[in-house]
Each structure stands twice: as C-alpha cells, then as structure tokens.
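Heads up: the structure comes next, in structure tokens.
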Amino acid sequence: MIPAAFDYHRAATLDDAVSALAGGGEDAKVISGGQSLIPLLRLRLAFPSLLVDVGGLGDLRGVRDEGDSLVIGALTTHDEVTRDPLVAQHCGLLREAAETVADPAVRHRGTIGGSIAHADPAGDLPTVATALGATMIARGPGGERAIGAGDFFVDYLTTSLAPDEVLTGVRVPKLGAGWGYRYLKFNRTAQAWAVVGVAALVRRANGAVAEARIGLTNMGTKPVRADAAEAAAAGAAATGEALAAAGARADEGTDPPSDLHGAADYRRHLARVLTTRALVAAAGA
Amino acid sequence: MPKITVNVDGVAYTDEVEPRLLLVHYLRERAGKTGTPVGCDTTNCGACTVQLNGVSVKSCAMLAIQADGAEITTIEGLGNGGWHPLQRAFNEEHALQCGYCTPGMIMAAADLLRTNPHPTNDEIRQGLEGNLCRCTGYQNIVRAVRRASEAGAAT
Ligand SMILES: Cc1cc2nc3c(=O)[nH]c(=O)nc-3n(C[C@H](O)[C@H](O)[C@H](O)COP(=O)(O)OP(=O)(O)OC[C@H]3O[C@@H](n4cnc5c(N)ncnc54)[C@H](O)[C@@H]3O)c2cc1C
Ligand code: FES
Ligand code: FES
C-alpha cells in the first residue's frame, strides 16, 4: 500500500530535530533507517503528521571509546555494529545479536537507535541493552538525559522517550576479561523475528560463575531480565548440570504472549532450553 | 513539493516528490526502471533490492526523498549495458522460473560477492536470507551464485 500523506523535515542539526519535533506535536515522529517505520506506514498502521529525518546527523553515527564504556551513536547501522572493531573487542554480545537482525539489506539501513526506540519485545537489541544494563542517551528541549534500560522500556512498542526527544546514543559497559557471552535466538524461517531469544553474560572466577546477566526476547510486552535464573547461576559451578538448574528457572516471573508463532507454554519451554544453552556457551562449560 | 536529485544507473534525475513516495515507486514510475519489482507490503521478500551508494537496500523500505543525492544501481544498470556475470550464471544454471524474485536475488548476490568474493554454500544462503523465491526451491540459485563467484563476478 501507499502510505498516507505526511510532512517531512530533514534535520540539519540535533537542535533543529528537537525543535521540529516540539513544533510538530504528538503526531510528529523521528525517522532513522525506516526499516520498522516504513513497513508500518505502508500497512497504514502508523499515521504520523510529520517525519523528522535525523539520517543526515553524522555526529550520531559511529562508536566512541569512553574508558569503561562504549557509546554507540543512535544512527550506527546494524551492519556497522557487526563490523566495528571496538564493539568486537569490548562488547561481543552486541555484535553477535546484531548479526541475527533481519537480513543484510535491512542491516544496511536499520540503526541501533531505531531498534531500541522502536522497543519491539521481539527485537534483539532491546534485550541486549537490557542484559548489559545499557544507558540510553536522549536529547530534548530541556537538554540531555540518561535513562537506564530498566526505566527506558515501558511496554509494547513504548519507551519513556518524550515525543520531542531524540535518542542520540547507547552507552554499554565494556566487558572485561572473564566475561563470556552468547545470544541465542529461536526462529523458524530465515530473516524471521525471534519466537524467543536469550542474551546471556557470565563472569567466571575460579572455575565457578561469579555473576550472570540474562535478558529475554519476546517473553513479555518488553524485554525482561531472568532474575531467578540469574540468582541461581551466581555462585554455581561452571558445569552443564549446575547451569541447567539455573536455566530451568528462566521463565519465572515472565508473562509471554500466545500468538501464531507460539503459545505461551511453548515460549516458556524455549526460554528454559535456550537460557541453559546460552549460559553453558557463555561460561565455556 | 520538495525536490530530489539522484543518479540512477548512470543517469542524473531531478524531480519533485511527495514525501510519502517510496523509492521503489520512484524508480519504476519516474525513472522507468520496471526491472525492479515490488513483491510484498512488509519488506520481507527482497524483490525490490537495489544498490544505494554501493550497498544493497530494499527500495520499498526507503522514501525517495531519503535517497536525495544518492547513486542507485538497479538490475537494469548492473551489467553496464551487457550481462553481469551473475545474470549469465542465473541463465546458465536455470536459477529462475517465473523470474519475479530474480532482480532482487541478483542484486543481493552482488552485495554478497562484494563483501565475500568466494562464499561457501552456507554463506550464500545466509547472504540471500532477505530474498524469497516461491518457485525454484533455491538450489539452482545457490549454484548460480557459486558459478558467478568462480567466474570472478566480484571483480
Ligand atoms: C524484514 C525485516 C526483518 C526484521 N527482523 C528483525 C529481527 O530479526 N530482529 C530485530 O531486532 N529487528 C528486526 N527488524 C527491525 C530492524 O531491526 C529495524 O532496523 C529497527 O527495528 C528500526 O531501526 P530503524 O533505524 O530502521 O528505525 P525507524 O524505522 O526509522 O524507526 C523505528 C521507530 O523508532 C523511532 N526512532 C528511530 N530513531 C529514533 C531516534 N534516534 N530517537 C527517537 N526515536 C527514534 C521512530 O520514530 C519509529 O517509531 C526487521 C525489519 C525488517 C524490515
Ligand atoms: S517489495 Fe521490497 S521487500 Fe518485498
Ligand atoms: S523464480 Fe519465481 S519467485 Fe523466484
């Protein structure tokens, strides 16, 4: 279908983008790569009055080393994330997950900021941001603010960004030596979204698991942490058996959807199995 | 209406466009590049794949206005007036039946060979994961991409 008509403004600067959004009211929207938004416009599931295109803001693109953390510009494409040497060195989990997003052509346009701002619970990168405890950096009329992942993702396709705020970057911690990771995603056809996905991070010390962080994709209306499994994994021996006992608790406290890709029970089963596998891989057990 | 300037298959075009005009519709209806088809409404099928500034994109998931200043290559320009080695290989390996997916398959395959000149069969399948074919069962498509890579299509 042909999208409904809208106005279009190509932002020259970040301030220009923010003031265009503020002047455009509730129905103004940012467009970055368009890989989620344009399909929605074509299906006439979204009716923005104004699109503010931030695609030309070069400052929002690329990866910055800030000591203990990396700041990934919102406009960095999935393809760039998968090829970036700093991401490969310090945040391999993100690279691994970005490689599973969509297909090569979509990864050439789709951005990390768009993926996170879109907040699809089936999206891979919101889960990774949640597992990493990433901080989202936003700019609005009142200036810049930093929002932790736990506060950023609010509900299905809903974040705590105000309509006149632009997500400018994502701060992720560098994973030091001792951390292992694995992103696992179960889908049934090429290029498909996750039925369930698991992002696992494990810090090993003295042959045991010192700390685990687990994010789940598509196990609720927003990305969630598997708190019970994290607690069970912490202090456990780095063995398949001990990690399977932790993985068995992955679905505790979740409320997965039932839809045509899978029933809630099936998703719970997948979450347990995938979490076990991801923990084992991340721990090198 | 806003104006854009794009280069399509080596020819410069300047046009007024409505913001909602999709790049694929611009290519077909204004530039006459009907070699690039539209196969879906959801950006899944890949039939509309073209190269934008040298990398593959799905032209149904871009607004024409976002392509302002870009250089675009469609299937019609890929061979520079002749046949590209991928086009020849698709012909020789019988890698198409109805042919609807073929322009997108070839553009996606060209992008794969750009980054990976000698892919394995598995890498070919991964590289074409954004392109759906309802006819062939993919076997001959994979063979054709192999053949083109052996013929040095990437260079
Ligand atoms: C065929 C297909 C398969 C896909 N498969 C997957 C998959 O397996 N896993 C996955 O995670 N994703 C998948 N995606 C989605 C893909 O990751 C998108 O690239 C991403 O969700 C959106 O990024 P974008 O830059 O294209 O954002 P856009 O489409 O431009 O925007 C998406 C939303 O975010 C808002 N937004 C964008 N940028 C900003 C910003 N800087 N500040 C504030 N708001 C902003 C927009 O207003 C809009 O509401 C798929 C997409 C397609 C078309
Ligand atoms: S028409 Fe563009 S992906 Fe199907
Ligand atoms: S040849 Fe018919 S869709 Fe591929």
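Everything numeric here is computed off the predicted structure, so don't read it as measured data. The chains referred to below are lettered A, B, ... by the order of the sequence lines, with proteins before strands, and numbering in each begins at 1.
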Worked check of side chain to side chain contact (heavy atoms under 4.5 Å, CB included) between A:V106 and B:V57: CA-CA 7 Å; A:V106 170; B:V57 300; over 6 Å; no
Residue among A:H108, A:M1, A:Q35 with most heavy-atom pairs under 4.5 Å to chain B: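 When all of A:H108, A:M1, A:Q35 are compared, A:H108 has the most.
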Within a 6.0 Å radius of atom [atom1] on [X], are there more than 12 heavy atoms belonging to other residues, nucleotides or ligands?
| X | atom1 | answer |
| --- | --- | --- |
| A:D59 | CG | no |
| A:R44 | CZ | yes |
| A:E26 | CD | no |
| A:R277 | CZ | no |

Go through [options] and name the one with the most non-hydrogen pairs under 4.5 angstrom from chain A.
| options | value |
| --- | --- |
| B:L52, B:T49, B:V38, B:D111 | B:D111 |
| B:G130, B:A108, B:S56 | B:S56 |
| B:Q126, B:R125, B:M62 | B:M62 |

Going by heavy atoms in the side chains, are [X] and [Y] under 4.5 Å from each other?
| X | Y | result |
| --- | --- | --- |
| A:I2 | B:L21 | no |
| B:R20 | A:L41 | no |
| A:P39 | B:T43 | yes |
| A:R83 | B:T115 | yes |
| A:R10 | B:D68 | yes |
| B:Q66 | A:I38 | yes |

Return the [atom1] to [atom2] distance between [X] and [Y], rounded to the nearest 0.5 Å.
| X | Y | atom1 | atom2 | result |
| --- | --- | --- | --- | --- |
| B:I65 | A:D53 | CD1 | CG | 8.5 Å |
| A:L40 | B:T42 | CG | OG1 | 11.0 Å |
| B:C45 | A:Q191 | SG | CD | 9.0 Å |

Taking A:R42 for the side chain and B:C40 for the main chain, is one N or O donor matched with an acceptor at less than 3.5 Å?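 Yes, because the side chain of A:R42 sits within donor-acceptor range (under 3.5 Å) of the backbone of B:C40.
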Does B:E18 reach the main-chain N or O of A:A5 with its side chain, forming a donor-acceptor pair under 3.5 Å? no
On a heavy-atom basis, which atom in B:G127 and which in A:P104 lie closest, and how many Å separate them?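 Minimum heavy-atom separation between B:G127 and A:P104: O-CG, 3.7 Å.
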List the atom of A:A102, the atom of B:E129, and the distance in Å for their closest heavy-atom pair. O-OE2, 3.3 Å
Under a 4.5 Å heavy-atom cut-off, does chain B meet the side chain of A:A192, its backbone, both or neither? neither
Show your working on side chain to side chain contact (heavy atoms under 4.5 Å, CB included) between B:L63 and A:F6 and close with a plain yes or no. CA-CA 12 Å; B:L63 304 171; A:F6 48 79; 4.0 Å; yes
